[in-house]
Every structure is written in C-alpha cells, then in structure tokens.
Amino acid sequence: MLSSLPNLLTLSRILAVPLFVILMWKASWVGYTAAFILYCLAGLTDYLDGYLARANGTVSKLGVFLDPVADKIMVAAVIVMLIHNDHIAGWHVIPALVIILREITVSGLREFLATARVGLPVSQLAKWKTTFQMISLGALILAPASAHWWPALPSQPVGLITLWLAGVLTLVTGWDYLRIGLKHMTGEPAK
C-alpha cells in the first residue's frame with residue numbers, strides 16, 4: 001500500500017532528489033550544508049523504512065520495488081552533481097561511473113531474474129560497498145561546506161578514498177551478481 005509509513009519514507013527519498021539537485025547546483029557552503037543535512041535525513045529514512053516494514057510485518061511488493069529504486073536515483077543524482085561541480089574530477093570519475101553503471105546493470109539483472117522467479121539476495125560484501133559509497137558521498141557533499149566552517153576536517157580526502165574503495169567493491173559485487181545471473185540466463189553452472 002502506497003500510504004504505509006515505510007512506503008511514504010521511501011517516496012520521500014525519491015522526492016528529495018530534485019531538492020538535492022537544487023541545493024547542489026552552483027552551491028555555496030550553505031547549499032552544501034543543507035544538502036548534507038538532507039543526505040543524512042535520507043539515509044535515516046532508508047534505515048527506518050526497512051526496519052518499520054519488517055517490525056510491523058508490512059513489507060509490501062511496492063516497498064520492495066521502490067526502496068532500491070529510491071537508493072539508486074539518489075546515489076546517481078548526487079554523483080552527477082558532484083561531478084558537475086568538480087568535486088569528483090579527473091581519475092576519480094572512474095569509480096563514480098563504475099558505481100552508476102553497476103547500479104543500472106544490477107537493476108536490469110534483478111528485473112530479468114524476477115521474471116524467472118529467481119531472487120538475487122544482497123551479499124555481505126555488497127553491504128560493505130553500500131557503506132563505503134554512502135560515507136564517500138556524504139563526505140564529498142560535506143567537503144565544500146566544511147571548508148568554510150571547519151577547514152581542518154578532511155572530508156574531501158576521506159570522500160575520495162572511500163569512493164575508490166566503493167568502486168572496487170562495486171566491481172567485485174557486480175561481477176558476483178552478473179555471474180549468478182548468467183547462470184540462470186544460460187542454464188550453465190556459475191564459475
């Protein structure tokens with residue numbers, strides 16, 4: 001049901017994406033501070049929607065569909081804005097693109113496997129990938145703001161290091177998922 005609290009929290013993350021773009025578009029330190037606060041609130045809703053749905057026994061097909069879509073839309077929008085504003089630049093664009101391309105590929109793979117009634121569970125390594133990715137994007141959003149009110153805070157280096165870690169884990173977990181998916185597509189055992 002669309003009006004359940006977990007689904008409303010998920011929808012709030014989707015609706016927050018245009019606000020992220022507005023806040024980060026040629027932003028000053030104030031815009032980045034607001035974007036960082038919004039990013040933290042979005043992360044909180046991501047935790048709460050799943051927790052509440054499981055705790056209350058209200059896990060829905062709509063929620064199972066919307067939650068990863070909301071996450072992927074938010075991550076892609078933040079990465080695009082960080083690249084647009086040159087906070088991810090040069091060689092650092094590589095792990096950012098790997099993350100976006102993996103999200104698209106895994107989404108397509110999940111859709112294909114769903115038609116075959118095959119689930120693609122989230123691995124522990126994928127959870128670590130998500131953790132590094134969220135830390136990275138949060139730090140990179142915070143960096144322009146913290147340069148104004150706390151210059152010694154190493155947000156930019158932390159953001160870029162964890163972006164590369166997330167990028168490497170993205171390749172590994174993406175390959176794992178693709179290997180499993182190919183097994184079901186071709187009927188051959190996974191290698």
Side-chain angles (χ1 to χ4, degrees), residues 13-43 45-46 67-112 120 122-179 181-182:
R13 286 200 317 280
I14 294 171
L15 296 174
V17 169
L19 188 53
F20 271 115
V21 172
I22 290 166
L23 289 171
M24 294 175 68
W25 194 271
K26 298 183 182 182
S28 66
W29 68 271
V30 176
Y32 279 105
T33 301
F36 178 73
I37 292 168
L38 181 61
Y39 183 80
C40 292
L41 290 172
T45 66
D46 189 22
D67 186 61
V69 169
D71 295 344
K72 288 167 183 24
I73 290 171
M74 186 180 75
V75 165
V78 169
I79 287 173
V80 167
M81 292 312 299
L82 288 167
I83 290 172
H84 170 74
N85 291 338
D86 292 326
H87 298 297
I88 298 176
W91 289 98
H92 302 296
V93 172
I94 293 170
L97 287 175
V98 165
I99 290 168
I100 290 174
L101 294 174
R102 182 253 193 209
E103 298 300 348
I104 293 168
T105 303
V106 170
S107 293
L109 186 60
R110 285 184 190 278
E111 185 177 329
F112 170 81
L120 194 59
V122 176
S123 69
Q124 189 60 43
L125 199 56
K127 290 178 182 179
W128 278 103
K129 182 268 311 176
T130 300
T131 301
F132 283 124
Q133 183 176 286
M134 293 296 113
I135 291 168
S136 169
L137 298 181
L140 290 169
I141 293 169
L142 182 61
S146 66
H148 177 78
W149 44 264
W150 191 3
L153 190 66
S155 298
Q156 187 75 15
V158 166
L160 294 175
I161 289 167
T162 53
L163 180 67
W164 279 96
L165 290 170
V168 168
L169 291 177
T170 294
L171 284 174
V172 172
T173 59
W175 172 250
D176 285 345
Y177 288 145
L178 186 59
R179 185 179 49 81
L182 287 172

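The residues of the chain are indexed from 1 along the displayed sequence.
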Working to the nearest 0.5 Å, report the span between CD of Gln124 and OG1 of Thr173. 12.0 Å
Contacts satisfying salt bridge (charged side-chain N to carboxylate O under 4.0 Å, His left out) that involve residues 126-143 (not counting sequence neighbours) are Glu103-Lys129
Does Arg102 have any salt bridge (Lys or Arg N to Asp or Glu O under 4.0 Å) partners at least two apart in sequence or in another chain, and if so, which? none
Ring pair (Phe, Tyr, Trp, His ring centres under 6.0 Å) filter on Trp25, not counting sequence neighbours, yields His84
Looking at Gly31 and Ala27, what are the two nearest heavy atoms and their distance? CA-CB, 4.1 Å
Results of side chain to side chain contact (heavy atoms under 4.5 Å, CB included) for Leu15 - residues two or more places apart only: none
Rounding to 0.5 Å, atoms CG (Asp176) and CG (Leu169) come to a distance of 10.5 Å
So, taking the atom named OG1 in Thr130 and the one named CD1 in Ile99, what distance separates them when rounded to the nearest 0.5 Å? 9.5 Å
Sequence neighbours excluded and cut-off under 3.5 Å, please list the side-chain donor-acceptor pairs for residues 32-41, or say none.
| unit_1 | atom_1 | unit_2 | atom_2 | d |
| --- | --- | --- | --- | --- |
| Tyr32 | OH | Asn85 | ND2 | 2.7 |
| Tyr32 | OH | His87 | NE2 | 3.0 |
| Thr33 | OG1 | Trp29 | O | 2.8 |
| Thr33 | OG1 | Trp149 | NE1 | 3.4 |
| Tyr39 | OH | Met134 | O | 2.8 |

Side chain to side chain donor-acceptor pair (under 3.5 Å) contacts touching residues 90-99 (sequence neighbours left out): His92-Trp164
Not counting sequence neighbours, list each pair that qualifies as a salt bridge (charged side-chain N to carboxylate O under 4.0 Å, His left out) and has a residue in residues 13-40. Arg13-Asp46, Arg13-Asp49, Arg13-Asp67, Arg13-Asp71
Using side chain to side chain contact (heavy atoms under 4.5 Å, CB included) as the criterion, list what pairs up with Leu178, not counting sequence neighbours. Trp175, Leu182
Of all residues at least two apart in sequence or in a different chain, which pass the side chain to side chain contact (heavy atoms under 4.5 Å, CB included) check with Val93? Ile83, Ile88, Leu97
Looking at CZ of Phe20 and CE of Met74, how far apart are the two atoms once the value is rounded to the nearest 0.5 Å? 5.5 Å
Taking side chain to side chain contact (heavy atoms under 4.5 Å, CB included) as the test, write out the residues that go with Val30, two or more places apart. Ser28
Output for pair (Leu165 CG, Ile135 CD1), nearest 0.5 Å, gives 9.5 Å
For Pro144 against Ile141, the heavy-atom pair lying closest together: CD-O, 3.2 Å
List in chain and number order the residues that pass side-chain hydrogen bond (donor to acceptor under 3.5 Å, both in side chains) with Ser146, two or more places apart in sequence or in another chain; answer none if no residue qualifies. Ser155
Roughly how far, to the nearest 0.5 Å, is the CD1 atom of Ile100 from the CD1 atom of Ile79? 4.5 Å
